[in-house]
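Numbers here are sequence positions counted from 1. All values below come from the heavy atoms of this structure, side chains included, with hydrogens, waters and symmetry mates left out.
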Amino acid sequence: EVKYTVDEVNKYLEQDLLGARILPTEQWAHDGLNLDLNKDDYQLPSHVRDKFASYLKVVGEAKNERDEHLYPALVDLLNSISDGEQNERMIFYKQDAVPVRGSHVMQIPDIGAVFQGLIKKEDTSHPPTSGRIVWGHLCTVVEGKLEGGKMVLAECGFFHFSSNSISNLDEDTSDRASKTRRTKTSQTSSIESRVPSTEGNAPVGVPGAEDAGPHKVKPAPPRATPLGARTQVAGYARDVLSHGVLRSHVIMFLVDSKLVRSIFYDRSAIVESGVLNLNEPEDQLIFAKMIKHMRAMPAEGLGIVPNLDALFMKDPKSLKLGEAMPQYTAADGPPSNDLFEWLEGSLFTFAYKDGTRTVRLKRVLFRSNGIIGRGTIVVRVECNCNHCDGHCDWYGKKLILKLSFPSKTRVSEQTFMDRCKALAQGDHAWVLNHLPHIYWTFDVFFDVNTPQAKFKERFKDDYEMRLMRGSIQEELQPLSSLETSKDCAQVFYDVVQCHHWAWKYPKILHRDISQGNIMVREKDGEKYGVLNDWDLSSWVNEQRDGPTSKFRTGTKPYMAHEQHSHDWQGPHRFRHDLESLFYVILLLVCLYPSPSAKYTAPMSPAQDFEYEEWHKQDDSFLVSKKYHLINARKWTPPVLPFFLGFTMWLIHLQRALDYGFIAFRNHEDFLSLGKHSKSFDQDTLNNHFSYETVVSTMHRFSEEELKTR
């Protein structure tokens, strides 16, 4: 399998870091921790002051962060801060230099924190043996540096994380740190982007787009820079959110010598506190209040979703889960189930009709990998049946739980499916075989005391308020379950028919066609293609108005080429979804030896796969590559032997797109010259790339007629 380094994966976090904000520490604690520092009457006891002094002494004597005394001194300090043993829910320990297991890459935080009872107090000053800690165990992470405060002091949008900006820092950072902490005005600043911009590309569909030559996204910034340190900690946050228990947010700390910042991560924003200087008594007290408060927090305060009973987080026996786990696996493609086996057996309770219902989690089937966004997880479940009164209406059904964090204003998938079912009567009933079956949906809102509600109140429209949305659905099979190329063709043809029906009758546009959203249902010995995951869908009549961000939906390798352009202003059209399906087929048949085979990277340049980089690159790369593909003459796709029957499909679909955009450019040229031109159908490129055009190609495969539903 393809293996990636931490820096190769973390470079994609810069898009999330773009919107990072800074709040004065008092405001950050109020919003992120629900802690009023002024009302907390905690005072530093003498033994805690001694621990501060011991840590500062080690900082003064250590030559670099590899000093064997540095992290143990910080661990001792953190664990000394409490409001009595009865309130110590969490314990800090030294993780360095053993990797935390269970994510796509090997990462080694310096200090972790877990719930009391998982590890013994006497084991906190040295890393747990055999790599036993997995991301699902962690409550928080503390990353330590010894760069004189430079990694912490640089501010988002102020120093821009450039080497020039930190070269003139004062030797004594105490005054700057205190000034930063005491700033009373809310500051919203953005990290300078190093992600290549799509600005400067020629308008999509017009000759002159930049050449589609070799292109590489810039690597992750060096760790010995402020942006590199932020990216490193964000990588830990991503793995806690994406590979740990079900969480809405996580809080972490970046400590550099005497200075410290607290950082909040959730699905909408990254929010940093001001800087605290641990050499100042006032800042020591503030830091201690925050740590004391966090150690006493219930699970929900740490971001673990309500009503999740994950006993493994406190059970020492669960440490055995990490012993045989690989250090990392492929970063692309569906995650290995082995990474998430610790979730099996956990219980999750949700509102159901007039009461509640509890399901037992089993295998994780999918998890998104990132910070900002919906954070979708799909896990196989079974009803725990404690609330079913001896009769379970889900008995015998294969069930999955899908959880995500969509915008609070987004229409639910259930609403779209209810509309489809209402119209799928009589001659239209066939479409039900090609839509997901949703048995129950529930929403969990963030109440007024949660960080999400407080940040929304503070940042207003600059913070996207989300909710946790869950649904219990029928488990479907992935494309990898198919055994023949004809089965694949029938599934793709089914999806085209279902997509067109939803657009024409209930007036719904899917907007996120990808390989992962095309599934298979087996019924009465027959396989049906299912267009799944309608979470990003919209009503067709609501496509004409609204900001561009609402239109730019989809999964990057499969998005229509126009959507990658900085100049594109929407709306998302019917043909964009058909173009996405073209890319789904293209990447499958050119990169995978068969539906069930794992992707294998080329072993030499002679074996280079033309479309491999589509899963790794940015918008400027993709808009150029796709533009040149659509406009290519005498194009022949490099289809792998198993899928040779798709060659003519792809050639005909590419040609239809090409002719459509030629017609569109001619139309635009007429208008620019002030000449009269007939109306042009944007949804179908004047019928060059319409449903009828696509069906005329896809209804046959290798000279065999497929089933028209």
Side-chain angles (χ1 to χ4, degrees), residues 201-215 485 488-489 492-493 496 513-515 554-565 573 575-593 599 602 605-617 619-666 668 684-703:
N201 290 342
V204 177
V206 178
E210 65 180 31
D211 180 63
H215 174 91
S485 58
C488 295
F492 289 136
Y493 186 39
V496 165
I513 291 182
S514 67
Q515 184 173 320
T555 305
K556 275 196 175 182
Y558 312 110
M559 286 166 60
H561 75 294
E562 290 167 289
Q563 294 178 279
H564 297 293
S565 172
R573 298 185 182 277
R575 63 175 166 85
H576 291 135
D577 279 359
L578 293 185
E579 187 179 339
S580 292
L581 180 63
F582 169 65
Y583 299 133
V584 170
I585 299 171
L586 177 69
L587 268 59
L588 174 67
V589 305
C590 294
L591 290 178
Y592 295 85
Y599 167 70
Q607 296 174 287
D608 189 25
F609 295 156
E610 185 175 349
Y611 304 107
E612 178 198 4
E613 292 294 307
W614 286 30
H615 287 285
K616 306 175 185 178
Q617 296 292 351
D619 285 317
S620 62
F621 175 90
L622 290 168
V623 68
S624 181
K625 282 289 187 182
K626 292 177 180 180
Y627 172 85
H628 283 270
L629 186 156
I630 289 172
N631 289 275
R633 300 294 181 264
K634 297 182 179 180
W635 174 75
T636 302
V639 177
L640 294 176
F642 182 92
F643 294 109
L644 280 178
F646 284 95
T647 303
M648 295 311 300
W649 272 27
L650 292 171
I651 289 173
H652 290 157
L653 294 175
Q654 182 267 348
R655 198 170 292 164
L657 276 167
D658 184 20
Y659 291 162
F661 279 104
I662 289 174
F664 176 65
R665 288 194 294 268
N666 290 336
E668 292 288 289
T684 66
L685 294 175
N686 235 23
N687 293 320
H688 287 286
F689 198 59
S690 64
Y691 170 70
E692 290 75 18
T693 303
V694 172
V695 166
S696 70
T697 292
M698 295 180 65
H699 78 284
R700 292 179 65 83
F701 182 77
S702 296
E703 304 304 320

Determine whether [X] and [Y] make a side-chain contact, defined as any pair of heavy atoms from C-beta on separated by less than 4.5 Å.
X: Met698; Y: Leu581; value: yes
X: Phe582; Y: Val694; value: no
X: Tyr691; Y: Val496; value: yes
X: Ile513; Y: Tyr558; value: no
X: Thr555; Y: Gln515; value: no
X: Leu586; Y: Leu653; value: no

Hey, can you pull the donor-acceptor pairs under 3.5 Å for the side chains in residues 634-645, sequence neighbours left out?
none

Exercise for the section: Please test His561 against Tyr583 for side-chain contact (heavy atoms from CB on, under 4.5 Å), starting from the C-alpha separation and ending with a verdict. Expected result: CA-CA 10 Å; His561 75 294; Tyr583 299 133; 4.0 Å; yes
What is the minimum heavy-atom distance between [X] and [Y], and which atoms define it?
X: His564; Y: Leu622; answer: CE1-CD1, 3.5 Å
X: His688; Y: Gly660; answer: CB-CA, 3.5 Å
X: Glu562; Y: Phe661; answer: OE1-CZ, 3.9 Å
X: Ala560; Y: His576; answer: CB-CD2, 3.5 Å
X: Gln654; Y: Ile630; answer: NE2-O, 3.1 Å

Practice task
Output every pair passing salt bridge (charged side-chain N to carboxylate O under 4.0 Å, His left out) with a member in residues 639-661, not counting sequence neighbours, ordered by first then second residue.
Solution key: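 For residues 639-661: Arg633-Asp658.
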Exercise for the section: Enumerate the residue pairs fulfilling salt bridge (charged side-chain N to carboxylate O under 4.0 Å, His left out) with a member in residues 639-653, sequence neighbours excluded, ordered by first and then second residue. Expected result: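 Of all non-adjacent pairs touching residues 639-653, none passes salt bridge (charged side-chain N to carboxylate O under 4.0 Å, His left out).
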Handout entry: N/O donor-acceptor pair under 3.5 Å between Lys625 side chain and Tyr611 backbone
Key =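 Pair absent, no side-chain N/O of Lys625 close to backbone of Tyr611.
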Fill in the blank from the handout: The reported gap from CD in Gln563 to OG in Ser580 (rounded to nearest 0.5 angstrom) is 6.0 Å
Practice task
Please round to the nearest 0.5 Å and tell me the distance separating atom CG of Asn631 and atom CG of Leu657.
Solution key: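 Between Asn631 CG and Leu657 CG, I get 9.5 Å after rounding to 0.5 Å.
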Handout entry: Check against side-chain contact (heavy atoms from CB on, under 4.5 Å), Trp614 and Leu591
Key = CA-CA 11 Å; Trp614 286 30; Leu591 290 178; over 6 Å; no
Problem - Listed partners of Phe689 passing ring pair (Phe, Tyr, Trp, His ring centres under 6.0 Å), at least two apart - result: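 Ring pair (Phe, Tyr, Trp, His ring centres under 6.0 Å) list for Phe689, sorted by chain: empty.
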Problem - By side-chain contact (heavy atoms from CB on, under 4.5 Å) - contacts of Ala489 (at least two apart) - result: Phe646, Trp649, Phe701, Leu706
Handout entry: With sequence neighbours excluded, residues passing side-chain contact (heavy atoms from CB on, under 4.5 Å) with Ser690
Key = Thr684, Asn687, Glu692, Thr693
Exercise for the section: Show your reasoning for whether salt bridge (charged side-chain N to carboxylate O under 4.0 Å, His left out) applies to Arg573 and Glu579. Expected result: CA-CA 10 Å; Arg573 298 185 182 277; Glu579 187 179 339; over 6 Å; no
Practice task
Evaluate side-chain contact (heavy atoms from CB on, under 4.5 Å) for Phe621 paired with Lys556, printing each intermediate quantity in order.
Solution key: CA-CA 11 Å; Phe621 175 90; Lys556 275 196 175 182; over 6 Å; no
